[in-house]
J.: 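Sharing a structure, written as structure tokens. Questions coming.
Worth knowing before you read on, the calculation uses all heavy atoms, side chains too, and leaves out hydrogens, waters and symmetry mates. Letters A, B, ... are given to chains in the order of the sequence lines, protein chains preceding strands, and every chain is numbered from 1.
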Amino acid sequence: MMLTILILLPLLTALILAMSNAKASRTVALAGSGIQLLFSLLLLQNYLTERAAGNTALFLFESSSAWFPALNINFHIGVDGISIAMILLTASVVFAGVLVSWKIEKMTKEFFLLLIILSAGAYGFFISLDLFLLFFFLEVAVIPKYLLIGIWGSGKKEYSANKLALMLMGGSALVLVGMIGMYYNSGNSFDLVHLSTFHIPFYIQKIFFPFLFIGFGVFTAIFPFHTWVPDGHSSAPTAASMFLAGISMKLGGYGCLRVATYLMPEAAQYYSGYIVLVAAIAIIYGAFATMMQTDLKYINAYSSVSHCGFVLLGIGMLTKTAITGAVLQMVSHGLMTALFFAAIGMLYERTHTRAVKELGGLMKMMPFISTVFFIAGLCSLGLPGFSGFVAEMTIFVGSWQRSGMFYHIATILACMSIVVTAVYILRATGQSVMGPVNNPKFLTLTDAHWNEKLAAGVLIVGIVAIGVMPFWLNDLVSPGAEAIYNQLSRFALLK
Amino acid sequence: MTEFFFLMKHELSLVLILVFLLILKIRTKPIVNSSLINVMNVVFFLNFILGWFLNKDGSLFGGMFLNSGLLAFEKNILNLGTFIICLQASSWLKDHKHVPEFYMLLISTLIGMFFMLSSGNLLMFYLGLELSTIPLAAMCNFDMEKANSSEAAMKMIMSSAFSSGILLFGISLFYGMTGTFSLLGSGYNFDGSPLQVLSFLMLFSGFAFKLSVVPFHFWTADVYEGSPVSVTSYLSVISKGAMVFVFSSVMYTTFKGIATVWYDAMVVLSILTMVVGNLFALRQNNMKRFLAFSSIAQVGYILIGISGSSESGMAASIYFILIYIFSNLGAFGVISLISSETGRESIDDYKGLYKTNPMLGWVLALSLFSLAGIPPTAGFFGKIFLLTAGAAKGNYLLITIASLNMIVSLYYYLRVIRAVFMDSNENAIEPIKSQTSIKLAIILCVAGILVTGFANGLYEYILSLSHGM
Amino acid sequence: MPVALSLGGIVIAFVFYKSTTAYPDRIANRLGSFTHTVKNKFYIDEIYLFVTKKIVFNLVGRPAAWIDRNIVDGMMNTFGAAAQVFSFSISGIQSGRVQNYAAYFLTGIIGLALLFIYVWIH
């Protein structure tokens, strides 16, 4: 019941939005996303109560009703800790996204409508326990993203929107093939719970695992299918960038973990070396490519490639700690990158430039925004006390547990990328908010408004809450990660 | 005796309408266009509603004419599509000189299709086919003053004649082989001797022509472009839908014995059709031509569904046709309205449409997303079910090619979306006020696009009807 | 032990800093070039700048960014362009002449016949 409401709330908001006028739409969107955030917290609380009461079922609040019985497709939903964490992330990012878009002028109603539909897709994706349903929600989100970038974007927006839509569609085309392949090799079932108990033959897994992993990987910017990220993020309006980097890329990570790895454990072990290789390349290469960027949004977009590489690294290492770390990194990067994009958006709205060289000395006029910007940067480079440190540290510890020279080298290389991250983050933040004021026009600019402060506040609370007290999140997600790990060790291949 | 009326109910009611129109036409008093159009819209609606009641299974004339729940359902789908097309045509027809004739031709083709669907015999099938084709060519010529339209009619009739010749050749070989025209396969066994396969080849090519399967598709784009928009939508939706119904049932009953032979042909043709249809659609600038090629590509997906297992493949293709009717007619409804009000048909003309006509913009977008197979529109369900049915034989390469083709098709649908929503245009199409009937047609299509997919009962119903096959 | 050592260091430094005598200077002079190095923070800044600016930026960062824009991204764009080019190259087939269409129709039938023969043989 809780989960049905979770998915109905955004749909209801969208319905009211569709009927309201442009002026009222932002209030409706804010109210809708605010209620959704509160509801997600309530869901968390209910989940924890249930767990504290000793319910050890893997998925809670599970419910299943037949949808297309002839094809064995069910409306099967349920959540574990990982899903709850992702739902909380989605709710906070969407709430902050609505707040930072408060001043949008062009086609206001349509903007919020698409944003809310987008969030409905994400919620649905995270609670689906049926592959058909999961795929449905995965694809729901493609078109709103296209329109958000194409209509409200900046720069070469049509090109970026097209590229994003087509590459993501390519990803989901691969997922579709993998999904149908699993269906016919598991006694005609799309059900995640059934598939996890059904042992798909190893040679079938070997065929379809790449389809699913690469397909979802495109969403999470797997190398070399990451090129939609820089263009898409930099052309998108602020809220869409926040959603894209904060949530949309996590859909891919979640899918890689929950669908590809969990349902095809042997193939995951078989291909684990390749995953680690690709992830390590993404981490290092993304970090170095970031160094050369001069546009703040490009910097954050490329750094997202690098940071999402950590997610894939964690998944590829296949140890319990590394998988937990991958989930932590998804949450942490979601919050941190959304905050980063929000801050960039606020700066851009005032200065009308995103070039690092043209900015400078903004701390004097806009202490709040600059501080937010700095916090996002520090979290990105993994400073203790913020969520980034917790997540990356967990991944490194987990990765090191995987024995083998190759895996150790990959871990060391990934660790070293932190130094590169520090270089570009400190350069970008330092040059744009510290130092002398480059442009006299900036002297008249004003600091954040209430909506921007609230948006940043919500995200910072999340980042610090994870950074200072990592155990609550760790406890929340580790049963889910453990289930995936158990699945891997049950069908152990590499012993 | 009463059985006769029940079994041929769909055909008889159409004949009644036809007679009514003839009587109306021979009266000397001139007919007011708008009132005739309104009356006909109501008549088509009643015809659609009545189609659902008092259906019976059985056969007439010694197995020449069959009826069953599935066939009645298919006829109802076609009735619905025709009703929507008539609603959409009102804006184009209101100033036309030959409105009664248009309806007569339309009804004749529909009767032809119904006979074709119900045929238990190749002769009956051929009669129905010709009855549905020849009036259609006349309809293509219904923009009388346009040379384009005459060219379309000419191309249609020439190509049809050619394909009919091939088809007749196949039928005569079939007769020579089996000694019967019956499609039901009682008393003979189609076991795949060379001559049988030759006759099958000819029949198959005739079908492929009507379905516009590559490389038998060349007439499609030219005919679609030249014909009036309403006729184009009729061709692309009703005519094609009827053909898919007949094709799938013939493949699954008469030619079941040589399924291994046609399976490979179907795979090759579906890949060709998808790829070529998509590649041609990439570069079109005329909306009708663009939809013509996109509808060719859609046929490729239908072939995938048919190539799979029999029952779910059959159900998926019927379900897909129903969804395709809503989505294609949604798109054609907008195009038809804009074309009849402003005469503009190129994609460039659609730039900035959203600024001036937001409602039309959304409807067009929704229809195109449904054609592209993007959720939450019904097209998503249709396409996934087709692919799922097609994969039943384990041909995952085919599924992979099909899903990669979905990317290409998304690219060109997005081209239109981009023109409508993102590009700015000094000379955008001015705000259009549409008549009630057109609004109704558009609402029907949008409702269909949004509801048909989620309505799980519908798919189950179609599947239960297909069980008998 | 390390604690004791570092505490000792702090004490000595404090004494040197507080004392007004020339004693620290004398020590510094006696150590010569070493003091110089220390004064320049072991040249760490210079080395850092050299490594980052000259080596990392030019030899790693720039090529990485270039490869990403031109090779990896170019590969993705090439797929799109290839489809366009191919689409253009086959556009002549749709000539508008019905007799050509009939010829293609026949070719299609012959092609299908060959396919059937192939299937039949195997």
Side-chain angles (χ1 to χ4, degrees), chain B residues 151 154-159 161-163 165-166 169-170 192-194 197-198 200-202 204-206 208-209 213-223 225-226 258 260-269 272 275-276 278-284 289 292-293 404-405 407-408 411-412, chain C residues 52-53 55-122:
Chain B
E151 184 192 331
M154 208 56 210
K155 278 184 175 162
M156 170 100 192
I157 202 87
M158 299 281 279
S159 319
F162 191 77
S163 82
I166 304 273
F169 184 36
S193 71
V197 172
L198 186 63
F200 170 73
L201 171 70
M202 297 298 168
F204 192 83
S205 309
F209 169 83
V213 169
V214 175
F216 310 101
H217 70 287
F218 286 93
W219 61 281
T220 319
D222 295 0
V223 173
E225 189 186 5
I258 51 166
T260 45
V261 177
W262 60 251
Y263 177 74
D264 290 293
M266 208 85 103
V267 169
V268 172
L269 287 184
L272 260 181
V275 172
V276 173
N278 278 335
L279 283 179
F280 271 105
L282 278 182
R283 299 186 45 260
Q284 303 306 322
R289 238 181 133 75
F293 282 112
L404 292 180
N405 262 293
I407 309 170
V408 182
Y411 174 78
Y412 58 73
Chain C
T52 52
K53 280 254 156 85
I55 298 180
V56 178
F57 277 40
N58 285 338
L59 292 182
V60 188
R62 216 175 294 276
W66 187 86
I67 287 172
D68 191 65
R69 285 288 87 185
N70 294 286
I71 295 181
V72 180
D73 194 28
M75 203 167 72
M76 297 299 147
N77 289 335
T78 312
F79 286 129
Q84 291 278 4
V85 168
F86 191 52
S87 164
F88 189 78
S89 64
I90 60 171
S91 63
I93 300 175
Q94 189 84 30
S95 61
R97 295 209 179 87
V98 185
Q99 58 271 41
N100 286 359
Y101 295 175
Y104 294 129
F105 194 115
L106 275 182
T107 322
I109 297 179
I110 294 167
L112 269 183
L114 290 176
L115 181 72
F116 284 161
I117 292 169
Y118 177 82
V119 173
W120 196 54
I121 290 171
H122 287 81

J.: Between C/Tyr118 and chain B, with a heavy-atom cut-off of 4.5 Å, which part of the residue counts as in contact: side chain, backbone, both or neither?
T.: neither
J.: Is any side-chain heavy atom of C/Val98 less than 4.5 Å from a side-chain heavy atom of B/Asp222?
T.: no
J.: At what distance, to the nearest 0.5 angstrom, does CG of C/Leu112 lie from CG of B/Asp264?
T.: 11.5 Å
J.: Determine whether the aromatic ring centres of C/Tyr101 and B/Phe162 lie less than 6.0 Å apart.
T.: no
J.: Which atoms of B/Val213 come close to chain C, meaning under 4.5 Å heavy atom to heavy atom: side chain ones, backbone ones, both, or neither?
T.: neither
J.: Of the backbone (N, CA, C, O) and the side chain (C-beta and beyond), which part of B/Phe204 lies under 4.5 Å from a heavy atom of chain C, both, or neither?
T.: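 The side chain, not the backbone.
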J.: Between C/Phe116 and B/Val197, which heavy-atom pair has the shortest distance, and what is it?
T.: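 Distance-wise, the nearest heavy atoms are CD1-CG1, 3.8 Å.
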J.: Among B/Phe218, B/Phe209, B/Phe216, find the one that has a ring-ring contact (aromatic ring centres under 6.0 Å, His included) with C/Tyr104.
T.: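 Option passing the ring-ring contact (aromatic ring centres under 6.0 Å, His included) with C/Tyr104: B/Phe218.
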J.: Identify which part of B/Leu269 has an atom lying under 4.5 Å from any heavy atom of chain C, answering side chain, backbone, both or neither.
T.: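 Only the side chain of B/Leu269 comes within 4.5 Å of chain C.
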J.: Which answer fits C/Ile109, side chain, backbone, both or neither, if we ask what part of it has an atom under 4.5 Å from a heavy atom of chain B?
T.: both
J.: Taking C/Ser87 as the fixed residue, which of B/Leu282, B/Asn278, B/Val276 is the one that meets the side-chain contact (heavy atoms from CB on, under 4.5 Å) rule?
T.: B/Leu282
J.: Less than 4.5 Å to any heavy atom of chain B: does that hold for the side chain of C/Ile93, its backbone, both, or neither?
T.: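 Both parts, backbone and side chain.
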J.: Give, as side chain, backbone, both or neither, the part of B/Ile166 having an atom under 4.5 angstrom from any heavy atom of chain C.
T.: side chain
J.: To the nearest 0.5 Å, tell me how far B/Arg283 CZ sits from C/Gln94 CD.
T.: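 If we round to the nearest 0.5 Å, B/Arg283:CZ and C/Gln94:CD are 11.0 Å apart.
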J.: Out of B/Ser159, B/Pro215, B/Ser163, return the one with the most heavy atom pairs under 4.5 angstrom to chain C.
T.: B/Pro215
J.: With a 4.5 angstrom heavy-atom cut-off, could you sort out which part of B/Phe293 is near chain C: side chain, backbone, both or neither?
T.: side chain
J.: Can you name the nearest heavy-atom pair linking B/Leu279 to C/Phe86, along with the distance?
T.: CD1-CD2, 3.0 Å
